[in-house]
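Count residues from 1 along the sequence. Model, not experiment: these values are computed from the prediction. Worth knowing before you read on, the calculation uses all heavy atoms, side chains too, and leaves out hydrogens, waters and symmetry mates.
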Amino acid sequence: MENIEEPSPLRITTTVRALSSALRGKRENVPDPRQGNGTRIFPEPEKLWFKESSAKNLRNRDFLSPTTMLNTLYADGQVPPAVMSRVLSLHGSGVLPIASGEVMGEGLRMRVDRAAAFRAVLTDGATEYLKPTSKRQGCVVLNCPALHHKPNIPTPDSLTLGQLRTVLLADHIGALLKRQGFTVSFCPTLPEGSNIITFLRALGIDWPTAPANWTNEEREEKIQDSLVNSPYREMETERGRRTSGGGGRKAEEGENEGALRVNLKRVFQEEGLLGYDPSLGTCTVHRDSVSHLAQLDLATADCTVATATALHVTSCQDEFRQQQMAMLWRASGATHVQRHLVCGPVKTPGSHLTAAQYLQLRRGQMKEASEMKYGDQVEGQTWDDIIRVMTSATVRFELLSTVHTSPVTLDVQREGSVSTKGPRGGVFVMYNCARLHTLFDSYERGVEKGLYPEIPEGSQLDFSALKEEGEWLLLFNYLIPFSELLDQSGQALDSDSGGARVNIKTEQICKFLVSLSKDFSSYYNRVHVLGEPLPHLFNQMFCRLYLLRALRELYHSALDTLTLPPIRQL
């Protein structure tokens, strides 16, 4: 029996690449008679086409090759008929079906066969569009310096807002990497029942714990011994020669006489590690440093690959100290790849709040806003859970929606409130997710009353009924591209930037969800999905339900990377 190959999910990148290949052909850089002896340089394939995203442009095109690009390929920008035919007949694995194309003033614009695209994505529930394009392998340890003993375990009242930002980022990156197939562990392990663990769980963060009486002394002794025997250890005689001319430095050395010191500058210079601060110099090894390294050693112990990647998620204020820790770990013999993700500061003009005070403030504002909107309903465990999740969503979107290297400025005036309306972040996203659940609850009640039949198989529907511009925008801007969005954190981790720092677009999921919620809200307010229970209207209603059911799962998938459960009713 002949094997029938399953169709591949439609991909934006695959389509742009195919369009570029069809338009460019096998053209090489050639002499250009218009430039004398010059050579006509053809643009790179990935720059030939642009995916449209605005509602205005999507009314007449889905992809555009601008006139400036056409002029570099063809005389006066005139696309030969054979090339146009090749572009229009484009097909292949993962390529969106092309319906039409024409050269206009702005360039060559292409329109997708939208009914075919809806059918391809929605018929089987869009499950392939809710996960990364491919599975990855590797072991990543997410180290959060803010949670290490210094020398005492941090508490919610000692945790700064900048440090809270790093913890939330580590949690989010961990969820993204797990979705891609990476084995992820978190560092440090914290005492079960401690105030900091209670605080993190209130935010929905599941951090690793150990019994309160647990110690890591064996690993600490191992690290200490490794540093004592490290080739980068600075011996007394060497220090004496270096400090013989400096009274101030000699006095400092006298205070630390007998202390274990390691030359960190030699570590990164001799091992060819780029991007480290040249002023790292020589570091005295303290007990809390050894504890930090022993925690890293523990976190990497279960890695199934020889070399793990340790991603240190730190605030800009703590970056220098974490570079010291990274080089100390290297000096102890650790060979794991180490990268640093550095966060900008969190500013609260006119106030100074700890992480505990900030969470308490937002929780109180969320409860007040809910009571103003829903009145006496706001009581009992169900509402306590809703307010907890909505508060967590508010905090996450406030601290994660900005590029991680940039500062975040928070409005923490106590007389303010968290609005349950308006496209301003986490509350708005959770509200629109809840609207989708309410819609399907209403449909199920209609089925129970005999108003509507059960949703048929997707193969029985005519998806050409989805003609409203908001429907295509939701599919083309959100459902289809989501898989490629999930891929980006792993790709950034793989990139060789030539330095210790790594930049991951951690803000993109939050921005994606806010943008999705704006467009869904606009569509939902404009279109009556559950129409009159008339047979000739059922096909369009079912097509819309297929789209919105996939959208509901998209919300769940994206929120899961923020470790936020969906709100099913409001």
So which heavy atom on [X] is nearest to which on [Y], and how close?
| X | Y | answer |
| --- | --- | --- |
| L142 | A170 | CD1-O, 3.4 Å |
| P188 | W207 | O-NE1, 2.6 Å |
| C433 | H556 | SG-CD2, 4.1 Å |
| I196 | P154 | CB-O, 3.5 Å |
| P156 | N195 | CG-O, 3.6 Å |
| S370 | V378 | O-CG2, 3.5 Å |

**Request:** Take atom CD of Q360 as the centre, draw a 6.0 Å sphere, and report whether it contains more than 12 heavy atoms from other residues, nucleotides or ligands.
**Result:**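 No, not enclosed.
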**Ring centre gap for F476 and F63 strictly below 6.0 Å** =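 Ring centres of F63 and F476 closer than 6.0 Å.
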**Message:** Check for me whether the distance between the ring centres of H437 and Y555 falls short of 6.0 Å.
**Reply:**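 No, too far apart.
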State plainly whether the residues [X] and [Y] are in salt-bridge range, i.e. N to O under 4.0 Å.
| X | Y | answer |
| --- | --- | --- |
| R266 | E234 | no |
| R321 | D288 | yes |
| K367 | E371 | yes |

[Y] backbone acceptor or donor facing [X] side chain under 3.5 Å:
| X | Y | value |
| --- | --- | --- |
| W214 | L190 | no |
| N432 | F428 | yes |
| Q295 | T189 | yes |
| S517 | L513 | yes |
| S392 | L203 | yes |
| H404 | V342 | yes |
| E128 | P9 | no |
| Q357 | T354 | yes |
| S226 | K222 | yes |
| R362 | T394 | no |

In Å, rounded to the nearest 0.5 Å, how long is the span from [atom1] of [X] to [atom2] of [Y]?
| X | Y | atom1 | atom2 | answer |
| --- | --- | --- | --- | --- |
| Q322 | M327 | CD | CE | 10.0 Å |
| C144 | L311 | SG | CG | 10.0 Å |
| T348 | L410 | OG1 | CG | 7.0 Å |
| R339 | N503 | CZ | CG | 9.5 Å |
| S332 | D225 | OG | CG | 11.0 Å |
| L298 | I223 | CG | CD1 | 10.5 Å |

**Prompt:** How are the rings of W329 and H312 set relative to one another: parallel (under 30°), tilted (30 to 60°) or perpendicular (over 60°)?
**Reply:**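 W329 and H312: perpendicular rings.
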**Asked** So W383 and Y374, would you call those rings parallel, tilted or perpendicular, with 30° and 60° as cut-offs?
**Response**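 Correct class here is tilted.
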Going by heavy atoms in the side chains, are [X] and [Y] under 4.5 Å from each other?
| X | Y | result |
| --- | --- | --- |
| H148 | N143 | yes |
| M325 | L296 | no |
| I509 | L176 | yes |
| Y232 | E271 | yes |
| D487 | Q491 | yes |
| T215 | E220 | no |
| V427 | F397 | no |
| V408 | L161 | no |

**Message:** If only side-chain N and O atoms count, and only distance matters, is there a donor-acceptor pair under 3.5 Å linking S315 with R165?
**Reply:**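 There is no such pair between these side chains.
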**Request:** Return each pair, listed once, that meets salt bridge (charged side-chain N to carboxylate O under 4.0 Å, His left out) where at least one residue sits in residues 186-195; pairs must be two or more places apart or across chains.
**Result:**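 Output for this query lists E192-R201.
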**Partners meeting side chain to side chain contact (heavy atoms under 4.5 Å, CB included) with A355 (sequence neighbours left out)** =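 For A355, the residues satisfying side chain to side chain contact (heavy atoms under 4.5 Å, CB included) (neighbours in sequence not counted) are L159, L164, F199.
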**Message:** Taking side chain to side chain contact (heavy atoms under 4.5 Å, CB included) as the definition, give me every residue that meets it alongside Q269, ordered by chain and number, with sequence neighbours left out.
**Reply:**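 Per chain and number, Q269 pairs via side chain to side chain contact (heavy atoms under 4.5 Å, CB included) with K265.
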**Message:** Run the side-chain contact (heavy atoms from CB on, under 4.5 Å) test on E221 and V290 for me, step by step, so that the C-alpha distance in whole Å, both residues' side-chain angles and the decisive distance to 0.1 Å come before the verdict.
**Reply:** CA-CA 8 Å; E221 291 176 5; V290 174; over 6 Å; no
**Item:** Which residues share a salt bridge (Lys or Arg N to Asp or Glu O under 4.0 Å) with D277, sequence neighbours left out
**Value:**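 For D277 there are no salt bridge (Lys or Arg N to Asp or Glu O under 4.0 Å) partners, ignoring immediate neighbours.
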**Request:** Please say which of K131, K178, R179 ends up in a salt bridge (charged side-chain N to carboxylate O under 4.0 Å, His left out) with D560.
**Result:**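 That would be R179; it is the only one of K131, K178, R179 passing the salt bridge (charged side-chain N to carboxylate O under 4.0 Å, His left out) with D560.
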**Prompt:** L264 and Q323: side-chain contact (heavy atoms from CB on, under 4.5 Å), yes or no, with the steps?
**Reply:** CA-CA 9 Å; L264 304 182; Q323 286 202 7; over 6 Å; no
**Message:** Pair D385, Q381 - check side-chain contact (heavy atoms from CB on, under 4.5 Å), show working.
**Reply:** CA-CA 6 Å; D385 292 341; Q381 187 61 49; 2.8 Å; yes
**Step-by-step side-chain contact (heavy atoms from CB on, under 4.5 Å) determination, L474 to L479** = CA-CA 7 Å; L474 291 171; L479 271 166; 5.9 Å; no
**Prompt:** Which residues pass the ring pair (Phe, Tyr, Trp, His ring centres under 6.0 Å) test with Y478, sequence neighbours left out?
**Reply:**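 For Y478, the residues satisfying ring pair (Phe, Tyr, Trp, His ring centres under 6.0 Å) (neighbours in sequence not counted) are F512.
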**Asked** Can you list the residues that meet the disulfide (SG to SG under 2.5 Å) rule with C139, with sequence neighbours excluded?
**Response**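 Residues passing disulfide (SG to SG under 2.5 Å) with C139: C303.
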